Amino acid sequence: MFQKGIVKGELKELQLKLQENGVSKKKEAVKEVIAYMTVGKDVSSLFTDVLNCLETKDFEIKKLVYLYLIKYAKFKPNLSILVVNTLVKDTQDENPLVRALALRTMGSMKVEGVTEYLCQPLRKCLKDTSAYVRKTAVVCVVKLFDQNPELVKTQGFIKELKKLIGDSNPMVVSNALTVLQQINRTLQQPIFVITQNDSAKILNALKEATAWGQIYILDSISTYTPKDEEEAESIIEKVLLRLSHSNSSVVLSAVRVVLNMMHSVNNQEFLKTYSLKLASSLVTLLASPNPEIQYVALRNINLIVQRFPLMLPDQIRNFFCKYKDPIYVKMEKIEIIVMLVRKRNVRAVLKELKLYAEEVDLDFVKKSIRAIGRCALKLPPATEICVKALLELIKTKVNYIIQQVVIVARDIFRKYPNKYESIITSLCENLEKLDDNEAKCAMIWILGEYADRIDNVIELLESLIENFVEENREVQLQLLTSTVKLFLQKSEEAEELLVKVLDLVTKKINDSDLRDRGYIYWRLLSSSPKIAKSIVLQERPKISSSTFKYDQILLTELLRNIPTLSSVYHEPPRIFENNVKINLRESDSSDEDVGEAESSDGSDGSDKNQFTEKKKRKEKEKEKVNRKKKKNSKSEKIGSTKKTTTNLDLNTNTFTNTNNITNTNTNTNTNTTSMIGNLIDLTNLGIETNSKSDINEISSISNNNSNQNEIGESLGKMDFFSELNYKTEDFSIEIEPKKLLLDPKNGKGMKIEGAFRRRNKKIYFDLSVSNHNTFPIGQFALAMNKNTFGLKPSGFMLNDVVMPQQTRETSILCPIVNEHIQDNKLNTILDVAARYQSVINFFQVEASLNIFFSEEGKISKKEFLQRWKEIKEEDETVQEIDNIKFSDVYRLIDKFSQKNIYFIDKNHQDFVEILYFSIKMVNNVFVMLEVAVIQSSNKIHYSIRSSNNKFNHLVSDFLNELFKKITLK
């Protein structure tokens, strides 16, 4: 029924239905309007007719009209202010649901001028006999605080909220606490601190509160510091029952309170009892059928075990992985298993970890084998059985298992030097199977460290040095150091090999760090081999276990924020403060049982008279402003009457209509420049070049594969960084889908999909890298040519290799730098070079223009007018688009807001809607838009003025595509 747009006849029919006298017919008409509104159709033209339906005693009609008013009030502020008197009257209705809904509507309208009429009814409703009305009034206080903080303070609403902490209804208490805590977070000096008397009142409400109410109460009481040990024990006893609650969030909130109060308890028997109860409740959370709840519980248990390591050792079997566990749960369980492992349970743990090491998921296998090594580092008495477990894994002859064993063995040798050398023979036998760079480095380190005890060490190193030039930089550095160690232990036998390596490093390698280290070793050995031996072969500090990785200050802060994003991401709360806002859970159900409604005193008409007088004063002031405006020349209006369809002076409601629309946009499509000859600017990458020939090699790379090694070495000088873990996502911004950038055929086995995305006020290049080769690939690097907006990646991802048929996700931060191309080459196409090992691939990425739209683009009407007038008329771009249908311009406004295009004002005449928007680009270019939606002819006319008109064609192209996407079919 509602899939098609509303036609003129349907609106007229709805209008007639709304004007009917019968309650049932009027109710059906309002329901139909709300149905249209719900599916995104524009019914704002019925604003006056819908509001007239408020003059009824039917509760269902009132509720629907309130819903309509909340939706369209901000777009019809002048008409919305007229209904305030009716809302004030409804806050005194006999029905508590009507009182609550009227107050909620006033608080949600966010229309300038409504707040001054809200204070008196809000004060009455905070003392209302109905708990539902009081609860709604409490939530309304924080809405008023968002609009006018000073008004909340001066009107004494803070004191009223503090009184409601002792309310008889637990929902009122929980909402009052939440509102006070939220207000506290926005102020430098807290206005509310829980006292001993307050804590008793709050805990009394805990028994009868709903699950969400209990969470609010527990979160509030967790911030309280008890006066003595007796009070702390009393609070814990009252909270312990919540540890067995069916709601996992209630359980974790109770855990948070108990942990905070345990700091004030010195009785060891009490602490032991509390620990056992906490342990059982935490383990119970792992039995949840929801893996997301299990993961949240595991992340919080991770923190708790670091502070209280003796709380859960006996429960270690509950953390063993199940076959149906998702990978993120398995990884977290392994982390906790290593924390809980003790001498008495290490054999059971190793047996379990060996089973995990034979799984098919490579990341899981890697984590499991490294967990065996961490057990060896953590428990010296159990190191021998850990080494035996590693030897059994080597016998599997599986490539990736052996590589991880080698890495773990290196750490064991560093922790326990000159012990467990029996494993070295098995490792050397599998040297040829090592293709991972980290595994190679580990094995080479072992060869150099134990060169005097390995008979064929020279042969083993020679086999690795054969491909020295093609090896990764880290492998080359380790080969150089191990060869020097070998020479210092076996001088005569290894002299020839050392000369060969030093000759390669100083003459064949372009890497300055590697070359300088080679010269240092050469001069050190030439001057004094004895001094060189004391330096290179000196005893190194032993490594320690990294089981508990957080310092006590951060750990305490994270434990105080159980169960929030902070405890899940293991990041301090300040990371999320700018992106997370508490959502007050307020029931919208009209069927809620609120008890018998008490009769009100009625309205004496004083509010109505007061509202009428204020309205008359505002109208007189507006008339004065309009008379002054009429004296100004016509040039004061936005736009030109010769070009635009409808031009609006934002300070008045005067329209200027024209019929002739001409397209003055001289936009031409920017041709994509060739990648050859205009590719990566080496000066922009921080890559050193010895001559112009190096640049020519880069330019001709697609035609000359023989130069790939040299170029790979040059690109290898770029800084790498590990994969970024972005924490939070702004869900109001539309996510750009990833596109295929490089197919496996052209990428020589590497497939890249990606897209530029904007989040947290920054630009990221999100990539998926897939390996379609039969061998692992690594040594990734990325570079970008100079571009219009000066976008430049901070580095590249994936220090680890990508195994065959595996895909890795990463995100690269791309800040804006002051390196950009000339203005005559403006476009959003970026030239990118990606490298793996010695293979270079070039491709282009077209970024959506809106990623360069700043979140600071919202400006006032006054500033909009001023900026519009400052731009010359000839610098304006005008476009007309046909066959565009919009049944709801608010859909357009919402869609624009998702792209950081900010709505300024709106006006309406006949079948023409005129919208004004502002944009601020990251390069500080301001763009002003005037959009005229002509519903009668299915056309859109828009005008663009910007502080740099060279960007107009980019904005125009972007808008043309955007209009097509949001057109309703």
Side-chain angles (χ1 to χ4, degrees), residues 6 8 10-93 95 97-118 121 136 140 143 588 590 603 605 607-616 618-619 622 653 888-890 893 906-909 913:
I6 303 178
K8 182 179 179 182
E10 289 177 330
L11 287 174
K12 187 66 177 177
E13 185 180 346
L14 281 174
Q15 189 176 23
L16 293 175
K17 287 182 180 181
L18 291 170
Q19 294 172 359
E20 298 257 355
N21 293 327
V23 175
S24 60
K25 292 183 178 180
K26 189 173 291 188
K27 184 186 298 184
E28 290 300 321
V30 176
K31 284 183 178 179
E32 198 169 343
V33 171
I34 297 301
Y36 276 120
M37 183 186 78
T38 304
V39 295
K41 304 299 188 291
D42 183 13
V43 287
S44 60
S45 59
L46 302 173
F47 194 83
T48 304
D49 298 295
V50 174
L51 293 190
N52 288 336
C53 296
L54 272 178
E55 298 298 331
T56 180
K57 293 186 178 180
D58 187 281
F59 172 72
E60 192 172 355
I61 292 179
K62 280 184 176 291
K63 183 176 181 181
L64 293 173
V65 175
Y66 289 149
L67 185 63
Y68 179 90
L69 184 59
I70 292 173
K71 168 73 174 178
Y72 289 110
K74 59 183 177 181
F75 301 110
K76 301 280 187 179
N78 295 333
L79 293 176
S80 300
I81 203 74
L82 300 176
V83 80
V84 171
N85 192 42
T86 303
L87 291 172
V88 172
K89 184 178 179 180
D90 282 348
T91 59
Q92 301 173 5
D93 193 273
N95 188 339
L97 289 177
V98 174
R99 298 199 297 272
L101 289 174
L103 186 67
R104 179 190 300 169
T105 303
M106 291 184 69
S108 303
M109 284 173 63
K110 296 184 179 179
V111 175
E112 187 177 355
V114 173
T115 54
E116 53 189 296
Y117 302 104
L118 177 61
T136 305
C140 194
K143 293 180 180 178
D588 289 329
S590 60
S603 175
D607 290 335
K608 182 176 180 180
N609 295 333
Q610 183 183 13
F611 169 74
T612 305
E613 291 176 2
K614 290 185 177 182
K615 184 175 181 298
K616 287 181 178 179
K618 286 189 176 182
E619 288 179 349
K622 188 175 180 180
N653 290 326
D888 186 358
V889 295
Y890 301 107
I893 294 173
K906 168 183 174 291
N907 218 319
H908 176 82
Q909 185 180 22
E913 297 279 358

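In this text, all values refer to a predicted model and were calculated from it rather than measured experimentally.
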Grab the two heavy atoms, one from [X] and one from [Y], that are nearest each other, plus how far apart they are.
X	Y	answer
Leu101	Thr105	O-OG1, 2.7 Å
Met106	Val114	O-CG1, 3.8 Å
Asp49	Cys53	O-SG, 3.5 Å
Val30	Leu64	CG1-CB, 3.5 Å

Between the NZ atom in Lys143 and the CG atom in Leu103, the distance rounded to the nearest 0.5 Å is 8.5 Å

Distance in Å, Lys74 NZ paired with Met109 CE, rounded so as to fall on 0.5 Å steps: 12.5 Å

For [X], which residues count as a side-chain hydrogen bond (donor to acceptor under 3.5 Å, both in side chains) partner, sequence neighbours excluded?
X	result
Glu28	none
Lys31	Glu60
Tyr68	none
Lys17	Glu32

Taking only residues two or more places apart in sequence or in another chain, which ones pass side chain to side chain contact (heavy atoms under 4.5 Å, CB included) with Thr115? Leu144, Gln147, Leu151

With sequence neighbours excluded, tell me which residues meet salt bridge (Lys or Arg N to Asp or Glu O under 4.0 Å) with Asp90. Lys62

Using a 6.0 Å cut-off, check whether atom NZ of Lys27 has over 12 heavy atoms from anything other than its own residue. yes

